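A short write-up of the structure that comes next.
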Amino acid sequence: MDYREEIKQLREALNEHGYKYYVLDAPTISDYEYDMLNRRLEELEARHPEEVTPDSPTQRIGGKTLEGFASYTHEVPLESLQDVFSGEEVAEFCQRMDEALGEETVYSLEPKVDGLSVALEYRDGLFVRGATRGDGRTGEDVTENLKTVRSIPMLLPDKLPRLIVRGEVYMSRAVFEELNAQREIQGRPLLANPRNAAAGSLRQLDPRVCAERKLDIQVFNLQLAEGKEFVSHQETLEYLSSQRFRVIPHKTLSGTDACQAEIARINEERTEYPFDIDGAVVKVNSLTDREKLGSTAKFPKWAVAFKYPPEKKPARVLDIVIQVGRTGVLTPKAVLTPVRLAGTTVTNATLHNQDLITERDIRVGDTVIVQKAGEIIPEVVEVDRSKRPEGTEPYRFPEVCPVCGAPVRRDEDGAAIRCTGAECPAQLLRNLTHFASRDAMDIDGCGPAVIQQLIDSGQVSNPADLYNLEAEKVAKLERMGKKSAENLLAAVQKSKSNDLSRLIFGLGIRQVGEKAAKVLASHFRTMDALCAASEEELTEIDDVGGVTARCVVDFLSSPQAKDLIARLKAAGVNMESTAELVDERFAGMTFVLTGTLSRFDRKAAQALIEERGGKAAGSVSKRTTYVVAGEAAGSKLKKAEDLGIPVLTEDEFAAMLE
C-alpha cells in the first residue's frame, strides 16, 4: 500500500475510534490496539514529515512550552447568565417570556456544568483556535491546550467556511480524585475541587501537562455558522452532535411547571453526571424569539441559570480522629452519625486543622450542620450549640504523631501541623517515591506502583531497605519478572554513587528543594558536617533562611533521621559531595534561561552555570545578570528588555563557557 494511503486510512481509523471512546463512551477496540495504530501513524509521519497535517491525531499534544497566552477577541460575545435562586424566580422568568412573545414559550433546559467556558473556532471544518471566556469579549488563546482535550474534534464532517461553538471544559470527578491521589503521593498541595483543577490545567503553559489532566468538554451553544441556517436551539445541538461534538444533555419543554420539575430532576440526579454541576440553565428554544428578546448590558433576556443551594443537614459528632497524610500533615476528621447528602451517605467530615476546630468550637458530642464543599468533600459549617451536651471539652491536637510517636510541629507559614518522623509509616509511600525520583536518587524503574508492592510485600519500610532488596523476591512482584528485577537492583546499586546533593534532596526535608540541596552539599561537603551544623551556621549561607535552617536541624537531629542516615551509610550510599567547580567565572552572577534552546538541554545549561560558580534562576528580576534567550522567547525576554538586563543568544552564552 502507498504510504500516503496508509496515513489517510490510519487517521480516519484513529479519529473514528477516538470519537467512539471519548465522545460516545463506546470503544470498539482495546487501548493497546489504539496505541499500536497511533504508533504506526507516528512512524510514517516521522519518515514523511511533509505529510503531517494540523488535524492529524498525532498533533493533539504540542511539544513546546509557551511563555504566555495571547489575548483573543470573541467575534460573538460569550455572555454570562442572570442567576435565579427560587422556584418563584423561575416562574417570574417564564411569565415574562410568555408576555413578551404572546404565547406559551418552548424552552431548552440543561444542567449547568461547573467548569471553564471556552469558544472553539473551525475554518473549513478544521479546528484552528480556542479561547477562554475571559470577560466575555476578550479571553486567552489556549488553542494548544484545547487540542489535548480528546473529545474536541480536530476535523468536522461538514466543511463550513466558519463555525464557532461554545462549551464548558471540565475535569471529571474520577480524574480529579485520581489526580489528587497522585499529588498526595508526590507531597504536593491537593486541588480544591474539579472546577479549579480544570481551570488551572487549561492555563498550563506546557500543553503536555494539560494533556496529562484528561480534561473533557460539554458543548452547549452554537455561536456562529457560516453557510448554515437554523430555527431553534434544539436544532443547533442536534447538528453539533452530528459533527461529533460531545453535546450537553438537554430537554425541550414548555410551561413553568415542566421547567421546575426538570430543574428538580437534574438536582436529584446530579451525582450521576461525570461532571460537577452548580445549577440548571433555562433557555428560550426559538432563535428568532431570542433575537426579538435581545440582551441587557449584562445578560441575555432569553435565559436564566437556576443555582442550586448547597444541601445542609444536621449530624452528631461521635468522635474526632487524626489521620496522618503521606506528606506528614495531621488532618482531623469528625466521625458522624450517618446522614444522606448530595446522593451519598456521609459518615465522616473533614475539620481541616486545629484553627478551624478552635474557631467553630467543635467538640465530640456536638450536633453540627454538614454540607459537601464543592459537592465533593463533606465539611462542618456550623455547630448547633443549643444541643450541646453537658461536660464536653474543647478539642486539642496531639503533641506526637499518632502513627509513629515522633513530635509534631506546626508549619511556620501556615496552619498545618506535621509529623517530623523521617520513618513514619503513614508517609512511607510518599517518602520512598520522592527518594527514588529522577531529581533525587534517580532509581529507574522504582515508581509508585512498584514501591507500593514492595511495601505491601514487606520488603521495604524505609529508604535504606531499597539497598537490601533481593532479586528473587522482587521478581515475584506483579509485572516484574527476573529481568525487570535485575534492572531495578542495578539502578539501586548505581544510585549509591550519586552526589551528596541528591541524597539531601531525596531525604525530603521540609523547605529543602533541589537547589537548596545543592547549596548545602557544596558548602558542607559531607553529610556528617551538615548533621553537625547549627541553625546559626546554616543561616550564614546565602539562599538559606531561618525557616529552612530550622527545618534542616529539626529533621537531622531526630532519632529516626539519624537511624536512616546510619543505615544508608552502612549500605554504601555516598555521603560526600563529588561536584567540583570547573572555575568561578560566573561567581556572583545569576542567569535566566528562556525560550526553546537548540544547542543546550535546559538542565544541562543550568548545570554548566552552577559548575562555574553562577546561579540559574527561574524568573527575571533586577538581580538578574544575564538572560539567555532561545527561540520563541516571550514575557521573560520582554521583562529583561524593560529592566535593561543584557540578553545573550545561545552562541554568545556558548562563547562565555569556552
Side-chain angles (χ1 to χ4, degrees), residues 176-177 180-181 183-185 187-194 196-197 309-342 344-421 424-427 430 510-511 547 550-551 554:
F176 172 75
E177 290 168 4
N180 259 351
R183 292 176 72 90
E184 187 177 8
I185 290 172
R188 301 170 67 190
L190 299 186
L191 300 169
N193 54 57
N196 289 354
E311 190 178 12
K312 300 179 181 179
K313 289 186 179 178
R316 189 161 58 86
V317 179
L318 302 176
D319 197 4
I320 295 176
V321 297
I322 296 292
Q323 292 180 314
V324 183
R326 290 169 177 163
T327 61
V329 174
L330 276 63
T331 303
K333 180 178 71 173
V335 180
L336 306 171
T337 52
V339 58
R340 189 79 176 170
L341 272 179
T344 61
T345 300
V346 172
T347 56
N348 299 291
T350 180
L351 299 178
H352 297 291
N353 51 53
Q354 177 70 70
D355 289 355
L356 182 139
I357 295 175
T358 302
E359 176 190 334
R360 298 181 185 172
D361 191 19
I362 301 169
R363 307 182 183 186
V364 175
D366 276 344
T367 296
V368 295
I369 307 302
V370 187
Q371 73 175 25
K372 280 193 175 182
E375 304 304 326
I376 296 292
I377 305 167
E379 67 176 0
V380 173
V381 293
E382 61 180 299
V383 176
D384 185 349
R385 289 187 175 80
S386 67
K387 297 181 179 179
R388 172 170 286 168
E390 292 184 5
T392 60
E393 295 287 339
Y395 181 81
R396 291 288 178 268
F397 257 55
E399 296 182 356
V400 297
C401 173
V403 175
C404 72
V408 298
R409 179 183 288 276
R410 184 179 179 123
D411 285 356
E412 297 278 348
D413 54 351
I417 295 175
R418 197 177 300 268
C419 168
T420 60
C424 180
Q427 304 174 63
R430 181 260 175 185
R510 291 275 299 159
Q511 300 289 328
V547 174
R550 195 170 304 114
C551 288
D554 284 350

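Just so it is clear, the structure is predicted and the values come from calculations on it, not from any experiment.
Checked against side chain to side chain donor-acceptor pair (under 3.5 Å), Thr358 has the following partners two or more places apart in sequence or in another chain: Gln354. Partners of Pro407 under the side chain to side chain contact (heavy atoms under 4.5 Å, CB included) rule, at least two apart in sequence or in another chain, are Thr420. A search for salt bridge (Lys or Arg N to Asp or Glu O under 4.0 Å) contacts involving Lys312 returns nothing, not counting sequence neighbours. Every residue meeting the side chain to side chain contact (heavy atoms under 4.5 Å, CB included) condition with Val329, not counting sequence neighbours, appears here in chain and number order: Thr327, Thr331, Ala416, Arg418. For Arg550, the salt bridge (Lys or Arg N to Asp or Glu O under 4.0 Å) partners are Glu412, Glu535, not counting sequence neighbours. When the side chain to side chain contact (heavy atoms under 4.5 Å, CB included) test is applied to Val364, the partners found at least two apart in sequence or on another chain are Asp319, Ile320. Listed by chain and residue number, Arg410 satisfy the side chain to side chain donor-acceptor pair (under 3.5 Å) test with Asp355 (two or more places apart in sequence, or in another chain). For Lys313, the side chain to side chain contact (heavy atoms under 4.5 Å, CB included) test picks out Glu311, Val339, Arg340, Leu341, with sequence neighbours left out. Residues satisfying the side chain to side chain donor-acceptor pair (under 3.5 Å) criterion with Asn353, sequence neighbours excluded, are absent altogether.
Atom CG of Leu336 sits about 10.5 Å away from atom OG1 of Thr367, to the nearest 0.5 Å. Between Thr350 atom OG1 and Lys333 atom NZ the span is 9.5 Å, to the nearest 0.5 Å.
Side chains of Asn348 and Val321 form no contact here, defined as non-hydrogen atoms less than 4.5 Å apart. Under the 4.5 Å side-chain criterion, counting only non-hydrogen atoms from C-beta, Pro314 is not in contact with Asp384. In this structure the side chain of Glu382 never reaches within 4.5 angstrom of the side chain of Arg360, judged on heavy atoms. When side chains are defined from C-beta on, Pro402 counts as touching Leu330, because their heavy atoms get closer than 4.5 Å. No side-chain heavy atom of Val317 sits under 4.5 Å from any side-chain heavy atom of Val383. The closest side-chain heavy-atom distance from Cys419 to Val403 is not below 4.5 Å.
Counting all heavy atoms, side chain and backbone alike, Ala197 lies closest to Phe176 at CB-CD1, 4.1 Å. Here the closest heavy-atom approach between residue Cys401 and residue Val408 is recorded as N-CG1, 3.5 Å. The two atoms that bring Cys551 and Arg510 nearest to each other are CB-O, 3.3 Å, heavy atoms only. For the pair Val380 and Leu351, the tightest heavy-atom approach, listed with the atom from each and the gap, is CG2-CD2, 3.8 Å. Nearest heavy-atom pair, Gly405 versus Val400, reported as atom, atom and distance to 0.1 Å: O-CB, 3.6 Å.
Using a cut-off of 4.0 Å between Lys/Arg side-chain N and Asp/Glu carboxylate O, Asp361 and Arg388 are scored as salt-bridged.
A donor-acceptor pair is defined here as one N or O able to donate and one able to accept, closer than 3.5 Å; such a pair exists between the side chain of Thr337 and the backbone of Arg316.
For residues 389-403, every residue pair satisfying the side-chain hydrogen bond (donor to acceptor under 3.5 Å, both in side chains) rule, not counting sequence neighbours, is listed here: Arg363-Thr392.
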